[in-house]
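Letters go in sequence order (proteins before strands), and every chain restarts at 1. These values consider heavy atoms only, across backbone and side chains, with no hydrogens, waters or symmetry-generated copies. Everything quoted here is computed from the prediction, not taken from an experiment.
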There are 2 protein chains.
Amino acid sequence: MRRPIGIREVAEAAGVSITTVSHALNGKGRLNDETRRRVQIVAKELGYRPNAIARNLAGGRSGLIGLAVAQTLEGQFAVSDFAYYAQLMSAATVEAIDHGYALVLASGAKGGWSTIRLDGLIVVDPIHDDPLSTEFKERGIPVVTTGRVPGQEDGYWVDNDHRAGTRSILDFLSARGAQQIALIASPPVTSYVMDAHEAYEQWCAERGQEAMVAVARHDLTESAGFDATRELLRGRRRPDAVYATLDRLALGVLLAAQSEGLTVPSDLQVAGCTDSDAGKNHHPSLTALALDPEQIGREAVAMIAHLIEGAEPPQPHVSIPTTILPRESTLPQALATPRPVAEASGAGASDAGASDAGASDAGASGADASRAGR
Amino acid sequence: MRRPIGIREVAEAAGVSITTVSHALNGKGRLNDETRRRVQIVAKELGYRPNAIARNLAGGRSGLIGLAVAQTLEGQFAVSDFAYYAQLMSAATVEAIDHGYALVLASGAKGGWSTIRLDGLIVVDPIHDDPLSTEFKERGIPVVTTGRVPGQEDGYWVDNDHRAGTRSILDFLSARGAQQIALIASPPVTSYVMDAHEAYEQWCAERGQEAMVAVARHDLTESAGFDATRELLRGRRRPDAVYATLDRLALGVLLAAQSEGLTVPSDLQVAGCTDSDAGKNHHPSLTALALDPEQIGREAVAMIAHLIEGAEPPQPHVSIPTTILPRESTLPQALATPRPVAEASGAGASDAGASDAGASDAGASGADASRAGR
DNA sequence: AGAGGGTGCAAATACGTTTTTGCACCGCGC
DNA sequence: GCGCGGTGCAAAAACGTATTTGCACCCTCT
């Protein structure tokens, strides 16, 4: 078992000094382009990977990026979906390692971080006046949020375009015959819920549809969705479709429908935000607005790596497109049924092909800026 | 902004060399006890915290401990409860930092770890023949599991004593008048479910009670608990109490009871394993078997830190006691009602005082070995 | 009294990078 | 022909700790 290849081995193989190798790989010193390229090639051939520990020691950094999830606000959980966070965290971890960092959990951190120095912080679904992120910003430590901090559009963030995503799923349900779509929302503590709510109201106003909104209990369990649905179904007008801002709430909708003797999707179409195995395996399976949490995690890490290294990231705001995954809880696309509603204002002109292709209806959302800068 | 206190500052303040400080704090060299103590005191007074990065560089370690969760087996989730893992991970993170390590997520890691070197791995709720842990063991990297690897009692692990915990909750329900307690279990992929199942069967056999078990669908949602409960309620004999091995399943039981017109707790008492906010805030609130995931996380980290540093941990197996949290979903303790059942065989002689004290019925479980070796 | 061994601490080296400094060389202008 | 600025690279210092080696000193035994 030989010692791993370090900068020394690369230097020797390339016939230069270790200084030159370091400069060549980091784009730092004054080097002949030819030399620089040659060193890079040699390093790649040898499979050189710089030792993150040594790099951090020399650079005066800790190499640690905090990941804060599960913020609570007055006992209200801002998060609940395990799969979403597991995917986000998992992808972010791998990406962080590629950048020479390690991702550590900062959830529930109560001052434990005063002693160890985090180089940066990623806050998932921040709430208003999030204490952790403001503290870090004051200490001059870069912060990137996943979802925007409610009430402020600036700062560095990665987010889905939930306004466009919500419109796309409403169009989707409408194209499948829904006349009265209700929204089941979690309490408005994170930006994505506010976005969905806002987009829903606007969409209804444009269509002349009555807005039917039920805000679910803050525990965000299936029971919360269950109860919110019952409340809706007892209103004077019954919805024929429901969009829930959380997968777990949508599963509660399915339970409530079952309990009330309604058949899904013929009596009630149901769609939820966030794809998950639970929704996929349920009977009927749940149509979902997929958010691509892996991509969100990766982008957030890439962005904070830029910030840590003192470079301005390509863009301060990155939007990740959403995708609709049609499943059994919604009806198939009606066959060429011209609908009498006023023509939609440009937005959701999708819905071209068959409805069960799994990844159809894609690209319905914010192509915005996302993948521009390289 | 002054530079942080390093080993040099401590050395100067104590009037010794940095070598001596290092030796004094790590218990390594040959030092006068008096000197050793003095240095330790000075270090504490100055609030010295060794730089983990430098320590790792010198020690040839990465300082990273992997935390693997969300193992899947043929599409079956072995985990589902967010709160449990959030608490475990959070506590483990803090503990790791205290030991000079950083905790990184290894969930879903597919070879991403070949390049970076983890010093150790903690696997939460391992499944049979867990691939990640066997791979690490083969590479000679220490592994600690939280919950035992099904089918093997050896290895290093931290676990609740689920056999004792299950017996205690069954005794608890029995003391509140339950005559026919059913078990709703998740599929037996992790040791704790197997333990609970086994303990339940044994308890029933001892009491002469008929065992009523429903195995829930593997998605482990409230829907799964809902459906499992309906199945139970349609059996020839109806249970008057249910214990579910997962909080979320228990919430599904509550929904099903509501849907079937049963009143909890008078018609049906319900208890679940794992405490959570969702269960606490539900109406009726859910009686739970608390597992103390924080403690589990801390013990696991402490154990693996021992192993990484080449020392045998005080004990290879640590059992954390469980606690019953009585809430509204179970009846109050019957007032001195001598029950006609054969006297319990020693185990659950608890239940002394009032029933809503929150932390009563404590210490019902495995005092076993846990907190012995300091 | 001198050899031998144990004790208590400090100096020096190592860990693998990054960054700063230094040095040679070349072409250019005066 | 002599300085002078720019170029291309290497030597050396630094990051903060752990570990190895080295060196006094004291005690004891012969």
Side-chain angles (χ1 to χ4, degrees), chain A residues 2-12 14-40 42-43 46-64 99-101 115-117 119 308-310, chain B residues 2-40 42-43 46-64 99-101 115-117 119 308-311:
Chain A
R2 295 193 312 280
R3 51 179 297 162
I5 34 203
I7 200 173
R8 267 197 298 267
E9 283 69 23
V10 176
E12 192 172 356
V16 294
S17 75
I18 63 167
T19 310
T20 302
V21 174
S22 175
H23 284 163
L25 297 181
N26 298 334
K28 284 294 178 63
R30 285 184 318 224
L31 284 189
N32 192 333
D33 269 0
E34 146 65 13
T35 309
R36 198 180 290 273
R37 241 190 318 273
R38 185 162 48 88
V39 171
Q40 285 169 345
V42 170
L46 264 56
Y48 167 68
R49 296 202 45 111
N51 180 320
I53 302 287
R55 180 198 289 253
N56 292 329
L57 178 58
R61 294 173 306 202
S62 68
L64 301 179
H99 286 261
Y101 296 92
T115 158
I116 219 148
R117 210 194 98 149
D119 291 338
I308 290 173
E309 283 144 24
Chain B
R2 293 193 314 280
R3 50 178 298 160
I5 37 211
I7 199 174
R8 267 196 299 265
E9 282 70 24
V10 177
E12 192 173 356
V16 295
S17 75
I18 63 167
T19 309
T20 302
V21 175
S22 175
H23 283 163
L25 298 182
N26 299 334
K28 284 295 177 63
R30 285 185 318 225
L31 285 190
N32 192 333
D33 269 359
E34 146 66 11
T35 308
R36 198 180 289 274
R37 241 192 317 274
R38 186 162 47 88
V39 170
Q40 285 168 345
V42 170
L46 264 55
Y48 167 68
R49 301 210 33 120
N51 180 319
I53 302 286
R55 180 200 289 256
N56 292 329
L57 178 58
R61 294 172 305 202
S62 69
L64 302 179
H99 286 261
Y101 295 92
T115 158
I116 220 148
R117 211 194 97 146
D119 291 339
I308 289 173
E309 283 144 24

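Across all non-hydrogen atoms, the minimal contact from Leu46(B) to Ala13(B) is CD2-CB, 4.0 Å. When all heavy atoms of Gly100(A) and Ala52(A) are compared, the pair lying nearest together is O-CB, 3.8 Å. The shortest non-hydrogen separation linking Leu64(B) to Tyr101(B) is N-CD2, 4.4 Å.
Within residues 21-33 of chain B, the residues approaching DNA chain C are Arg30(B), Leu31(B), Asn32(B), by heavy-atom distance under 4.0 Å.
Mapping Gly15(B) and Gly59(B) onto DNA chain C by nearest heavy atom places Gly15(B) at the nucleotide closer to the 5' end.
Distances shown here put a side-chain N or O of Ser17(B) below 4.0 Å from the OP1 or OP2 atom of dA10(C). Residue Arg55(A) places none of its side-chain N or O atoms closer than 4.0 Å to OP1 or OP2 of dG16(C). The side chain of Thr35(A) places no N or O atom within less than 4.0 Å of a non-bridging phosphate oxygen (OP1 or OP2) of dG8(D). Regarding contacts with the backbone of dT17(D), a side-chain N or O of Tyr48(B) is found under 4.0 angstrom from either OP1 or OP2.
In this structure, Leu57(B) atom CG and dT19(D) atom P are separated by 12 Å, rounded to whole Å. Distance, Ile5(A) CD1 to dG16(C) P: 13 Å, rounded to whole Å. dC9(C) atom C1' lies 14 Å from atom CD of Glu34(B), rounded to whole Å. For the pair Ile18(B) CD1 and dA12(C) C1', the interatomic distance rounds to 10 Å; values are reported in whole Å. For the pair Arg8(A) CZ and dT17(C) P, the interatomic distance rounds to 8 Å; values are reported in whole Å. Distance, Arg38(A) CZ to dG8(D) P: 13 Å, rounded to whole Å. Residue Ile53(A) contributes atom CD1, which lies 14 Å from atom P of dA18(D) at whole-angstrom precision. Distance, Asn56(A) CG to dT17(D) C1': 15 Å, rounded to whole Å.
By the 4.5 Å heavy-atom criterion applied to side chains, Arg8(B) and Glu12(B) are not counted as neighbours. Under the 4.5 Å side-chain criterion, counting only non-hydrogen atoms from C-beta, Val16(B) is in contact with Arg38(B).
Below the 3.5 angstrom threshold, one finds no donor paired with an acceptor across the side chain of Thr20(A) and the base of dA10(D).
Heavy atoms of Gly6(A) sit under 4.0 angstrom from primed sugar atoms or phosphate atoms, though from no base atom.
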List the atom pairs, donor and acceptor, that lie under 3.5 Å between side-chain atoms in residues 20-33 of chain A and the rest of the protein, sequence neighbours left out.
from, atom 1, to, atom 2, distance (Å)
Thr20(A), OG1, Ser17(A), OG, 3.2
Asn26(A), ND2, Ser22(A), O, 3.4
Asn32(A), OD1, Glu34(A), N, 3.1

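Applying the side chain to side chain donor-acceptor pair (under 3.5 Å) test to Ser62(A) and every residue at least two apart in sequence or in another chain returns Asp119(A).
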